[in-house]
Amino acid sequence: MGQFYGLFRLLLVSFLLLAVAKAEKDRQHGRSLSRPAPAVKYEKEMQSHYWREDAQKTLADKLDALSQLKKQGAKNVIMFLGDGMSIHTITATRNLLGDSSEKVYFEQFPYTGLSKTYCVNRQVADSACTATAYLGGVKANYGTIGVNANVPRYDCKGAYVAQNQVDSIAKWAQDAGKDAGFVTSARVTHASPAGVYAHISDRNWENDAEVREKGCDPEESIDIARQLVEWEVGKKLKVILGGGRQNFLNETMRDEVGHPGYRQDGRNLIKDWLADKQAQKASASYVWSRKGLTQLDLDNTDYLLGLFAKGHLPYDGDRERNPKNSHLADPSLTELTEAALKVLQRNEKGYFLFVEGARIDMAHHSNYARRSLEDTAEFARAIQKAREMTDVDDTLIVVTSDHSHVMTVNGYPLREQEITGLANKLADDGRPYNILSYANGPGYAGTYTKADGRKPISQQHTEHPLYVSPAMVPLDADTHGGDDVAVFASGPFAQYFSGNYEQTNIPAMMARAASIGPFANVQP
Ligand SMILES: *[C@@H]1O[C@H](CO)[C@@H](O)[C@H](O)[C@H]1NC(C)=O
Ligand SMILES: [Zn+2]
(Lines give C-alpha, C1' and ligand atoms only; values in the text may rest on other atoms or scores of the structure.)
(Ligands and ions follow the chains in the order given, each with its own letter.)
Protein backbone atom coordinates (compact mmCIF):
# COMPACT_ATOMS: atom_id res chain seq x y z
CA MET A 1 0.00 0.00 0.00
CA GLY A 2 2.73 2.38 1.11
CA GLN A 3 4.67 1.60 -2.10
CA PHE A 4 1.71 2.41 -4.35
CA TYR A 5 1.09 5.60 -2.48
CA GLY A 6 4.78 6.60 -2.91
CA LEU A 7 4.66 5.94 -6.65
CA PHE A 8 1.42 7.87 -6.99
CA ARG A 9 2.93 10.83 -5.17
CA LEU A 10 6.03 10.75 -7.37
CA LEU A 11 3.86 10.77 -10.51
CA LEU A 12 1.73 13.59 -9.21
CA VAL A 13 4.76 15.73 -8.32
CA SER A 14 6.37 15.05 -11.72
CA PHE A 15 3.17 16.01 -13.48
CA LEU A 16 2.90 19.25 -11.52
CA LEU A 17 6.54 20.14 -12.20
CA LEU A 18 6.05 19.59 -15.93
CA ALA A 19 2.93 21.76 -15.92
CA VAL A 20 4.76 24.57 -14.12
CA ALA A 21 7.71 24.33 -16.54
CA LYS A 22 5.35 24.48 -19.52
CA ALA A 23 3.54 27.53 -18.14
CA GLU A 24 6.91 29.23 -17.58
CA LYS A 25 7.94 28.41 -21.15
CA ASP A 26 4.69 29.82 -22.49
CA ARG A 27 5.29 32.94 -20.49
CA GLN A 28 8.75 33.40 -21.88
CA HIS A 29 7.85 32.80 -25.48
CA GLY A 30 4.18 33.56 -25.66
CA ARG A 31 4.02 37.29 -25.28
CA SER A 32 6.63 39.19 -27.17
CA LEU A 33 6.70 42.77 -28.38
CA SER A 34 6.04 42.75 -32.09
CA ARG A 35 9.32 43.64 -33.72
CA PRO A 36 10.89 41.93 -36.74
CA ALA A 37 13.70 39.89 -35.27
CA PRO A 38 16.45 38.25 -37.29
CA ALA A 39 17.69 35.13 -35.54
CA VAL A 40 21.28 36.34 -35.42
CA LYS A 41 22.92 39.73 -35.77
CA TYR A 42 26.15 38.54 -37.39
CA GLU A 43 26.40 35.44 -39.63
CA LYS A 44 29.98 34.83 -38.48
CA GLU A 45 28.78 34.11 -34.95
CA MET A 46 26.94 31.01 -36.25
CA GLN A 47 30.27 29.29 -36.90
CA SER A 48 32.10 27.50 -34.07
CA HIS A 49 35.44 28.43 -35.59
CA TYR A 50 34.66 32.12 -35.17
CA TRP A 51 34.59 31.63 -31.37
CA ARG A 52 37.64 29.35 -31.44
CA GLU A 53 39.62 31.98 -33.35
CA ASP A 54 38.58 34.64 -30.89
CA ALA A 55 39.86 32.42 -28.04
CA GLN A 56 43.13 31.81 -29.93
CA LYS A 57 43.63 35.54 -30.17
CA THR A 58 42.99 35.98 -26.45
CA LEU A 59 45.51 33.22 -25.66
CA ALA A 60 48.09 34.87 -27.91
CA ASP A 61 47.47 38.21 -26.19
CA LYS A 62 47.98 36.56 -22.78
CA LEU A 63 51.31 35.05 -23.86
CA ASP A 64 52.32 38.36 -25.33
CA ALA A 65 51.51 40.16 -22.07
CA LEU A 66 53.54 37.59 -20.09
CA SER A 67 56.55 37.91 -22.42
CA GLN A 68 56.44 41.66 -22.01
CA LEU A 69 56.41 41.65 -18.21
CA LYS A 70 58.68 44.43 -17.09
CA LYS A 71 60.86 44.60 -14.04
CA GLN A 72 61.74 48.26 -14.51
CA GLY A 73 59.34 50.63 -12.88
CA ALA A 74 56.96 53.27 -14.13
CA LYS A 75 58.25 56.80 -14.60
CA ASN A 76 54.69 58.09 -14.90
CA VAL A 77 51.40 56.95 -13.39
CA ILE A 78 48.01 58.02 -14.70
CA MET A 79 44.94 57.04 -12.71
CA PHE A 80 41.55 57.26 -14.44
CA LEU A 81 38.55 57.20 -12.12
CA GLY A 82 35.11 56.67 -13.63
CA ASP A 83 32.94 57.93 -10.79
CA GLY A 84 30.13 55.45 -10.17
CA MET A 85 31.22 53.40 -13.20
CA SER A 86 29.82 50.01 -12.21
CA ILE A 87 30.49 46.89 -14.26
CA HIS A 88 26.90 47.13 -15.54
CA THR A 89 27.72 50.63 -16.78
CA ILE A 90 30.70 49.33 -18.75
CA THR A 91 28.67 46.44 -20.19
CA ALA A 92 25.84 48.76 -21.27
CA THR A 93 28.34 51.19 -22.82
CA ARG A 94 29.54 48.39 -25.14
CA ASN A 95 26.01 48.32 -26.52
CA LEU A 96 25.82 52.10 -26.75
CA LEU A 97 28.99 51.86 -28.89
CA GLY A 98 27.20 49.41 -31.17
CA ASP A 99 27.09 45.84 -29.90
CA SER A 100 27.69 43.46 -26.97
CA SER A 101 30.90 42.36 -28.68
CA GLU A 102 32.40 45.88 -28.63
CA LYS A 103 35.25 46.62 -26.26
CA VAL A 104 35.14 49.87 -24.35
CA TYR A 105 38.72 51.06 -24.98
CA PHE A 106 40.21 50.20 -21.59
CA GLU A 107 38.80 46.65 -21.70
CA GLN A 108 41.71 45.90 -24.03
CA PHE A 109 44.19 46.47 -21.20
CA PRO A 110 46.05 43.24 -20.40
CA TYR A 111 45.26 43.02 -16.66
CA THR A 112 41.93 43.33 -14.86
CA GLY A 113 40.98 42.96 -11.22
CA LEU A 114 38.20 43.70 -8.76
CA SER A 115 38.29 46.18 -5.91
CA LYS A 116 36.23 46.10 -2.72
CA THR A 117 34.76 49.53 -2.08
CA TYR A 118 33.16 49.51 1.40
CA CYS A 119 34.35 52.16 3.86
CA VAL A 120 34.96 51.93 7.62
CA ASN A 121 31.40 52.75 8.73
CA ARG A 122 29.33 51.89 5.62
CA GLN A 123 28.85 48.83 3.42
CA VAL A 124 28.05 51.06 0.47
CA ALA A 125 30.57 53.87 0.03
CA ASP A 126 30.57 57.44 -1.26
CA SER A 127 33.12 59.27 -3.40
CA ALA A 128 34.79 60.85 -0.35
CA CYS A 129 35.84 57.84 1.74
CA THR A 130 36.73 55.95 -1.43
CA ALA A 131 39.00 58.79 -2.64
CA THR A 132 41.02 58.39 0.57
CA ALA A 133 41.16 54.65 -0.16
CA TYR A 134 42.26 54.65 -3.81
CA LEU A 135 44.56 57.71 -3.52
CA GLY A 136 45.91 57.40 0.04
CA GLY A 137 45.55 53.69 0.80
CA VAL A 138 43.48 54.06 4.01
CA LYS A 139 39.75 53.33 4.52
CA ALA A 140 37.83 55.99 6.44
CA ASN A 141 34.37 57.27 7.37
CA TYR A 142 31.68 58.02 4.80
CA GLY A 143 31.77 61.71 3.74
CA THR A 144 35.35 62.41 4.93
CA ILE A 145 38.37 63.02 2.67
CA GLY A 146 42.12 62.58 3.27
CA VAL A 147 41.76 61.58 6.92
CA ASN A 148 41.59 58.20 8.69
CA ALA A 149 38.56 56.83 10.56
CA ASN A 150 39.56 58.64 13.79
CA VAL A 151 37.87 61.67 12.25
CA PRO A 152 34.04 61.55 12.37
CA ARG A 153 32.13 63.40 9.68
CA TYR A 154 31.55 67.15 10.43
CA ASP A 155 34.23 67.17 13.15
CA CYS A 156 35.61 70.73 13.33
CA LYS A 157 39.15 69.89 14.44
CA GLY A 158 40.16 66.27 13.77
CA ALA A 159 41.10 66.77 10.12
CA TYR A 160 43.75 69.33 11.09
CA VAL A 161 45.64 66.94 13.39
CA ALA A 162 48.68 65.53 11.58
CA GLN A 163 48.30 61.91 12.84
CA ASN A 164 44.78 61.76 11.39
CA GLN A 165 45.75 63.02 7.96
CA VAL A 166 46.28 60.59 5.07
CA ASP A 167 48.69 61.68 2.35
CA SER A 168 47.80 60.85 -1.23
CA ILE A 169 49.95 59.36 -3.96
CA ALA A 170 50.16 62.88 -5.42
CA LYS A 171 52.25 63.89 -2.40
CA TRP A 172 54.39 60.75 -2.69
CA ALA A 173 55.07 61.73 -6.33
CA GLN A 174 55.88 65.34 -5.41
CA ASP A 175 58.22 64.19 -2.62
CA ALA A 176 60.07 62.06 -5.19
CA GLY A 177 60.61 65.07 -7.49
CA LYS A 178 57.82 64.15 -9.88
CA ASP A 179 55.01 66.51 -10.79
CA ALA A 180 51.35 65.93 -10.03
CA GLY A 181 48.08 67.24 -11.39
CA PHE A 182 44.45 66.40 -11.91
CA VAL A 183 41.55 66.73 -14.34
CA THR A 184 37.85 66.34 -13.50
CA SER A 185 34.49 67.02 -15.12
CA ALA A 186 33.15 67.99 -11.67
CA ARG A 187 34.08 70.99 -9.53
CA VAL A 188 37.82 70.84 -8.75
CA THR A 189 36.84 70.88 -5.05
CA HIS A 190 34.47 67.90 -5.40
CA ALA A 191 35.08 64.72 -3.39
CA SER A 192 37.17 62.64 -5.83
CA PRO A 193 39.72 65.30 -6.87
CA ALA A 194 39.84 66.60 -3.27
CA GLY A 195 41.32 63.20 -2.38
CA VAL A 196 44.44 64.32 -4.28
CA TYR A 197 45.21 67.28 -2.00
CA ALA A 198 42.70 67.82 0.86
CA HIS A 199 42.18 66.73 4.48
CA ILE A 200 38.60 67.47 5.56
CA SER A 201 35.89 65.97 7.75
CA ASP A 202 33.03 66.87 5.38
CA ARG A 203 33.10 66.65 1.59
CA ASN A 204 30.63 69.57 1.33
CA TRP A 205 33.04 72.06 2.89
CA GLU A 206 34.14 73.28 -0.52
CA ASN A 207 34.02 76.94 0.62
CA ASP A 208 34.07 78.84 3.95
CA ALA A 209 30.29 79.46 3.96
CA GLU A 210 29.66 75.68 4.08
CA VAL A 211 32.07 75.31 7.03
CA ARG A 212 30.32 78.10 8.97
CA GLU A 213 26.92 76.60 8.25
CA LYS A 214 27.91 73.41 10.11
CA GLY A 215 28.97 75.45 13.15
CA CYS A 216 32.74 75.36 12.68
CA ASP A 217 35.05 78.39 12.41
CA PRO A 218 36.28 78.73 8.80
CA GLU A 219 39.54 80.27 10.04
CA GLU A 220 40.26 77.01 11.92
CA SER A 221 38.50 74.47 9.71
CA ILE A 222 40.02 75.46 6.38
CA ASP A 223 37.74 74.71 3.41
CA ILE A 224 38.69 72.58 0.40
CA ALA A 225 39.16 75.46 -2.10
CA ARG A 226 41.57 77.20 0.28
CA GLN A 227 43.47 73.96 0.86
CA LEU A 228 43.88 73.62 -2.91
CA VAL A 229 45.36 77.10 -3.24
CA GLU A 230 47.24 77.43 0.07
CA TRP A 231 48.29 74.02 1.35
CA GLU A 232 51.46 72.12 0.51
CA VAL A 233 50.19 69.52 -2.00
CA GLY A 234 47.65 71.80 -3.70
CA LYS A 235 50.15 74.63 -4.15
CA LYS A 236 52.58 72.32 -5.95
CA LEU A 237 50.02 70.81 -8.35
CA LYS A 238 51.11 71.71 -11.88
CA VAL A 239 47.72 71.08 -13.44
CA ILE A 240 44.24 71.74 -12.01
CA LEU A 241 41.47 71.40 -14.62
CA GLY A 242 37.73 71.15 -14.04
CA GLY A 243 34.80 73.29 -12.94
CA GLY A 244 33.68 75.10 -9.81
CA ARG A 245 34.62 78.80 -10.02
CA GLN A 246 32.00 79.73 -7.40
CA ASN A 247 33.99 78.21 -4.54
CA PHE A 248 36.93 80.51 -5.40
CA LEU A 249 35.11 83.86 -5.32
CA ASN A 250 33.41 85.95 -2.64
CA GLU A 251 29.62 86.36 -2.81
CA THR A 252 30.11 89.97 -3.92
CA MET A 253 32.35 88.96 -6.85
CA ARG A 254 31.21 87.65 -10.23
CA ASP A 255 32.92 85.21 -12.53
CA GLU A 256 33.67 85.87 -16.22
CA VAL A 257 30.08 85.16 -17.24
CA GLY A 258 28.38 86.99 -14.35
CA HIS A 259 27.76 84.29 -11.72
CA PRO A 260 28.38 85.38 -8.12
CA GLY A 261 30.74 83.39 -5.89
CA TYR A 262 29.88 81.44 -2.75
CA ARG A 263 32.64 82.63 -0.40
CA GLN A 264 32.07 85.02 2.50
CA ASP A 265 35.70 85.67 3.48
CA GLY A 266 36.32 88.33 0.84
CA ARG A 267 38.79 86.10 -1.01
CA ASN A 268 39.40 85.75 -4.73
CA LEU A 269 41.32 82.48 -4.67
CA ILE A 270 41.95 82.54 -8.42
CA LYS A 271 43.89 85.80 -8.00
CA ASP A 272 45.66 84.37 -4.95
CA TRP A 273 46.69 81.28 -6.93
CA LEU A 274 48.13 83.43 -9.74
CA ALA A 275 49.93 85.73 -7.28
CA ASP A 276 51.60 82.75 -5.58
CA LYS A 277 52.98 81.43 -8.91
CA GLN A 278 54.06 84.88 -10.06
CA ALA A 279 55.95 85.35 -6.78
CA GLN A 280 57.90 82.18 -7.73
CA LYS A 281 58.54 83.68 -11.19
CA ALA A 282 56.89 80.61 -12.73
CA SER A 283 54.91 80.75 -15.95
CA ALA A 284 51.33 80.22 -14.79
CA SER A 285 48.04 80.49 -16.66
CA TYR A 286 44.44 80.65 -15.53
CA VAL A 287 41.80 79.90 -18.19
CA TRP A 288 38.01 79.64 -17.96
CA SER A 289 36.93 78.65 -21.50
CA ARG A 290 37.77 76.10 -24.14
CA LYS A 291 38.92 78.95 -26.37
CA GLY A 292 41.31 80.21 -23.69
CA LEU A 293 42.75 76.72 -23.29
CA THR A 294 43.40 76.25 -27.01
CA GLN A 295 45.27 79.58 -27.14
CA LEU A 296 47.80 78.62 -24.45
CA ASP A 297 51.40 77.66 -25.18
CA LEU A 298 51.30 74.50 -23.05
CA ASP A 299 54.91 73.55 -23.87
CA ASN A 300 55.96 76.64 -21.92
CA THR A 301 53.45 76.49 -19.08
CA ASP A 302 54.69 75.56 -15.60
CA TYR A 303 51.35 75.82 -13.79
CA LEU A 304 47.88 75.52 -15.33
CA LEU A 305 44.58 76.33 -13.59
CA GLY A 306 41.43 75.90 -15.71
CA LEU A 307 37.98 76.45 -14.21
CA PHE A 308 35.54 75.98 -17.08
CA ALA A 309 32.18 76.32 -15.30
CA LYS A 310 30.67 77.89 -12.22
CA GLY A 311 29.84 74.35 -11.06
CA HIS A 312 30.33 70.99 -12.76
CA LEU A 313 31.18 70.67 -16.46
CA PRO A 314 28.21 69.60 -18.63
CA TYR A 315 27.32 66.00 -19.41
CA ASP A 316 29.41 65.02 -22.40
CA GLY A 317 26.43 64.22 -24.62
CA ASP A 318 24.93 67.63 -23.87
CA ARG A 319 28.04 69.43 -25.16
CA GLU A 320 27.19 68.08 -28.60
CA ARG A 321 23.42 68.40 -28.34
CA ASN A 322 23.06 71.90 -26.93
CA PRO A 323 24.49 74.49 -29.32
CA LYS A 324 24.45 77.16 -26.60
CA ASN A 325 26.45 74.93 -24.34
CA SER A 326 28.41 73.68 -27.31
CA HIS A 327 31.82 72.10 -27.60
CA LEU A 328 33.03 75.56 -28.57
CA ALA A 329 32.43 76.68 -25.00
CA ASP A 330 33.27 73.58 -22.97
CA PRO A 331 36.35 71.39 -23.36
CA SER A 332 35.82 67.61 -23.40
CA LEU A 333 37.47 65.30 -20.87
CA THR A 334 39.73 64.12 -23.71
CA GLU A 335 40.86 67.68 -24.50
CA LEU A 336 41.53 68.36 -20.82
CA THR A 337 43.52 65.15 -20.47
CA GLU A 338 45.62 66.05 -23.51
CA ALA A 339 46.34 69.54 -22.11
CA ALA A 340 47.28 68.11 -18.70
CA LEU A 341 49.70 65.61 -20.23
CA LYS A 342 51.39 68.30 -22.32
CA VAL A 343 52.20 70.29 -19.16
CA LEU A 344 53.18 67.29 -17.01
CA GLN A 345 55.36 65.66 -19.66
CA ARG A 346 57.82 68.52 -19.24
CA ASN A 347 59.21 67.00 -16.03
CA GLU A 348 62.00 64.51 -16.85
CA LYS A 349 61.46 62.72 -13.56
CA GLY A 350 57.86 61.92 -14.47
CA TYR A 351 54.45 62.67 -13.04
CA PHE A 352 51.26 61.43 -11.39
CA LEU A 353 48.04 62.48 -13.14
CA PHE A 354 44.54 61.83 -11.81
CA VAL A 355 41.64 62.07 -14.28
CA GLU A 356 38.03 61.78 -13.15
CA GLY A 357 35.02 61.13 -15.40
CA ALA A 358 32.73 62.57 -12.75
CA ARG A 359 29.39 62.80 -14.46
CA ILE A 360 28.91 59.07 -15.05
CA ASP A 361 27.89 59.03 -11.38
CA MET A 362 25.73 62.15 -11.47
CA ALA A 363 23.73 60.89 -14.45
CA HIS A 364 23.05 57.63 -12.58
CA HIS A 365 21.87 59.58 -9.52
CA SER A 366 19.18 61.16 -11.74
CA ASN A 367 18.44 57.79 -13.41
CA TYR A 368 19.65 59.27 -16.72
CA ALA A 369 21.01 55.95 -17.99
CA ARG A 370 21.82 57.15 -21.49
CA ARG A 371 23.73 60.22 -20.33
CA SER A 372 25.76 58.04 -17.99
CA LEU A 373 26.75 55.73 -20.83
CA GLU A 374 27.64 58.70 -23.04
CA ASP A 375 29.95 60.02 -20.32
CA THR A 376 31.50 56.56 -19.97
CA ALA A 377 32.20 56.56 -23.73
CA GLU A 378 33.94 59.95 -23.42
CA PHE A 379 35.88 58.72 -20.39
CA ALA A 380 37.15 55.85 -22.57
CA ARG A 381 38.18 58.30 -25.32
CA ALA A 382 40.23 60.26 -22.78
CA ILE A 383 42.00 57.04 -21.75
CA GLN A 384 42.74 56.18 -25.36
CA LYS A 385 44.23 59.66 -25.85
CA ALA A 386 46.45 59.19 -22.78
CA ARG A 387 47.62 55.74 -23.90
CA GLU A 388 48.43 57.12 -27.37
CA MET A 389 50.33 60.10 -25.96
CA THR A 390 52.47 57.99 -23.60
CA ASP A 391 54.92 55.08 -23.81
CA VAL A 392 53.58 51.75 -22.53
CA ASP A 393 57.16 50.96 -21.37
CA ASP A 394 57.35 53.82 -18.87
CA THR A 395 53.79 54.91 -18.12
CA LEU A 396 51.38 52.88 -15.99
CA ILE A 397 47.70 53.61 -16.65
CA VAL A 398 45.16 52.34 -14.11
CA VAL A 399 41.43 52.67 -14.79
CA THR A 400 38.88 52.04 -12.06
CA SER A 401 35.79 53.31 -10.30
CA ASP A 402 35.15 54.45 -6.73
CA HIS A 403 31.85 52.59 -6.24
CA SER A 404 29.01 50.97 -8.14
CA HIS A 405 25.43 52.15 -8.82
CA VAL A 406 22.09 50.32 -8.71
CA MET A 407 21.43 50.14 -12.48
CA THR A 408 20.87 46.68 -13.96
CA VAL A 409 20.73 45.27 -17.50
CA ASN A 410 17.48 43.29 -17.70
CA GLY A 411 16.76 40.27 -19.92
CA TYR A 412 16.44 39.40 -22.75
CA PRO A 413 16.92 42.05 -25.42
CA LEU A 414 17.81 40.91 -28.93
CA ARG A 415 21.30 41.69 -30.10
CA GLU A 416 20.29 44.56 -32.39
CA GLN A 417 18.14 46.29 -29.80
CA GLU A 418 19.04 49.74 -28.55
CA ILE A 419 20.31 49.36 -24.96
CA THR A 420 18.21 52.26 -23.67
CA GLY A 421 15.07 50.76 -25.23
CA LEU A 422 12.51 48.20 -24.10
CA ALA A 423 13.13 44.50 -23.59
CA ASN A 424 11.74 42.17 -26.22
CA LYS A 425 8.93 40.89 -24.04
CA LEU A 426 5.92 41.92 -21.99
CA ALA A 427 5.93 41.67 -18.22
CA ASP A 428 3.26 39.79 -16.28
CA ASP A 429 1.21 43.00 -16.07
CA GLY A 430 0.97 42.99 -19.87
CA ARG A 431 3.19 46.05 -20.23
CA PRO A 432 6.67 46.34 -21.74
CA TYR A 433 9.68 46.98 -19.51
CA ASN A 434 13.04 48.71 -19.89
CA ILE A 435 16.34 46.98 -20.57
CA LEU A 436 18.02 49.41 -18.16
CA SER A 437 16.36 50.06 -14.81
CA TYR A 438 17.34 51.16 -11.33
CA ALA A 439 16.66 49.63 -7.93
CA ASN A 440 15.92 53.15 -6.62
CA GLY A 441 15.88 56.84 -7.57
CA PRO A 442 13.73 59.63 -9.02
CA GLY A 443 12.60 57.33 -11.86
CA TYR A 444 10.02 55.88 -9.46
CA ALA A 445 7.67 58.81 -10.20
CA GLY A 446 7.51 57.90 -13.89
CA THR A 447 7.29 54.18 -13.23
CA TYR A 448 4.17 53.64 -11.14
CA THR A 449 0.66 55.09 -10.99
CA LYS A 450 -1.07 55.32 -7.60
CA ALA A 451 -3.90 52.97 -8.46
CA ASP A 452 -2.95 50.97 -11.53
CA GLY A 453 0.53 49.45 -11.16
CA ARG A 454 3.10 50.42 -13.75
CA LYS A 455 2.58 53.23 -16.23
CA PRO A 456 2.62 52.43 -19.95
CA ILE A 457 6.02 53.10 -21.61
CA SER A 458 6.80 53.99 -25.20
CA GLN A 459 10.01 53.00 -26.94
CA GLN A 460 10.41 56.47 -28.42
CA HIS A 461 10.74 58.03 -24.98
CA THR A 462 13.15 55.58 -23.46
CA GLU A 463 15.86 56.18 -26.05
CA HIS A 464 15.90 59.94 -25.45
CA PRO A 465 18.94 61.17 -23.46
CA LEU A 466 16.70 63.05 -21.04
CA TYR A 467 14.49 60.03 -20.39
CA VAL A 468 14.47 59.12 -16.71
CA SER A 469 14.76 55.34 -16.42
CA PRO A 470 12.38 53.43 -14.13
CA ALA A 471 13.18 52.84 -10.47
CA MET A 472 11.61 50.52 -7.95
CA VAL A 473 11.98 52.62 -4.76
CA PRO A 474 11.30 56.38 -4.60
CA LEU A 475 14.42 58.41 -3.71
CA ASP A 476 15.33 61.89 -4.97
CA ALA A 477 18.70 60.50 -6.10
CA ASP A 478 19.60 56.88 -6.81
CA THR A 479 22.04 55.34 -4.34
CA HIS A 480 25.47 53.96 -5.05
CA GLY A 481 25.76 50.18 -5.18
CA GLY A 482 27.83 47.97 -2.90
CA ASP A 483 29.18 45.51 -5.45
CA ASP A 484 32.88 45.41 -6.37
CA VAL A 485 34.20 47.58 -9.19
CA ALA A 486 36.64 46.66 -11.94
CA VAL A 487 40.28 47.74 -12.24
CA PHE A 488 42.05 47.76 -15.63
CA ALA A 489 45.82 48.28 -15.99
CA SER A 490 48.33 48.80 -18.78
CA GLY A 491 52.07 49.51 -18.57
CA PRO A 492 54.85 48.65 -16.09
CA PHE A 493 53.65 46.45 -13.18
CA ALA A 494 50.15 46.22 -14.68
CA GLN A 495 50.16 42.54 -13.62
CA TYR A 496 49.87 43.70 -9.98
CA PHE A 497 46.29 44.73 -10.61
CA SER A 498 44.79 41.28 -11.25
CA GLY A 499 42.84 39.53 -8.51
CA ASN A 500 40.32 40.74 -5.95
CA TYR A 501 41.64 43.15 -3.35
CA GLU A 502 40.85 46.07 -1.07
CA GLN A 503 40.48 49.44 -2.82
CA THR A 504 43.22 50.67 -0.47
CA ASN A 505 45.72 48.35 -2.20
CA ILE A 506 45.48 50.33 -5.45
CA PRO A 507 47.73 53.28 -4.45
CA ALA A 508 50.19 50.84 -2.89
CA MET A 509 50.51 48.98 -6.21
CA MET A 510 50.79 52.22 -8.22
CA ALA A 511 53.40 53.56 -5.79
CA ARG A 512 55.40 50.32 -5.95
CA ALA A 513 55.35 50.50 -9.75
CA ALA A 514 56.72 54.05 -9.64
CA SER A 515 59.05 53.48 -6.63
CA ILE A 516 57.54 56.32 -4.64
CA GLY A 517 56.04 56.80 -1.17
CA PRO A 518 55.87 54.19 1.58
CA PHE A 519 55.84 51.32 -0.95
CA ALA A 520 58.90 52.36 -2.94
CA ASN A 521 61.15 49.57 -1.69
CA VAL A 522 58.84 46.57 -1.44
CA GLN A 523 60.47 43.76 -3.45
CA PRO A 524 58.44 42.54 -6.46
C1 LIG B 1 32.39 89.21 0.78
O2 LIG B 1 31.06 88.81 0.93
C3 LIG B 1 30.50 89.16 2.17
C4 LIG B 1 29.15 88.46 2.30
O5 LIG B 1 28.33 88.75 1.21
C6 LIG B 1 30.44 90.67 2.30
O7 LIG B 1 29.88 91.05 3.53
C8 LIG B 1 31.86 91.21 2.16
O9 LIG B 1 31.84 92.64 2.16
C10 LIG B 1 32.55 90.69 0.90
N11 LIG B 1 33.97 91.06 0.95
C12 LIG B 1 34.62 91.57 -0.07
C13 LIG B 1 36.06 91.91 0.18
O14 LIG B 1 34.12 91.76 -1.16
ZN1 LIG C 1 27.56 59.61 -6.38
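All ligand and atom numbering here is 1-based and tracks the order in the structure.
Geometrically, Arg122 engages Tyr142 in a cation-pi contact defined by less than 6.0 Å to the ring centre and at most 45° from the axis. A cation-pi arrangement is found for Arg359 relative to Tyr315, the charged atom lying closer than 6.0 Å to the ring centre and inside a 45° cone about the ring normal.
Counting only protein N, O or S atoms, 4 lie closer than 2.8 Å to the Zn ion (ligand 2).
Of the N or O atoms in Arg263, none lie within a sub-3.5 Å distance of an N or O in ligand 1. Residue Asn250 has at least one N or O atom closer than 3.5 Å to an N or O atom of ligand 1. Here's the thing with Glu251: one of its N/O atoms is less than 3.5 angstrom from an N/O atom of ligand 1.
The salt bridge (charged side-chain N to carboxylate O under 4.0 Å, His left out) check on Asp83 picks up nothing, with sequence neighbours excluded.
Shown here is Met472, whose CE atom has no more than 12 heavy atoms of other residues, nucleotides or ligands within 6.0 Å.
In this structure, His365 has its ring center under 6.0 Å from that of His405.
Contact annotation for atom 9 (O) of ligand 1: protein absent (non-hydrogen atoms, distance under 4.0 Å). For atom 14 (O) of ligand 1, the nearest protein heavy atom lies under 4.0 Å away.
Applying the side chain to side chain donor-acceptor pair (under 3.5 Å) test between Arg263 and each of Thr252, Asn207, Asp223 identifies Asp223 as the sole match.
To the nearest 0.5 angstrom, Leu135 atom CG is 11.5 Å from Asp167 atom CG.
Ring-plane geometry between Tyr448 and Tyr444 is classed as tilted, the angle between the planes lying from 30 to 60 degrees on a 0 to 90 degree scale.
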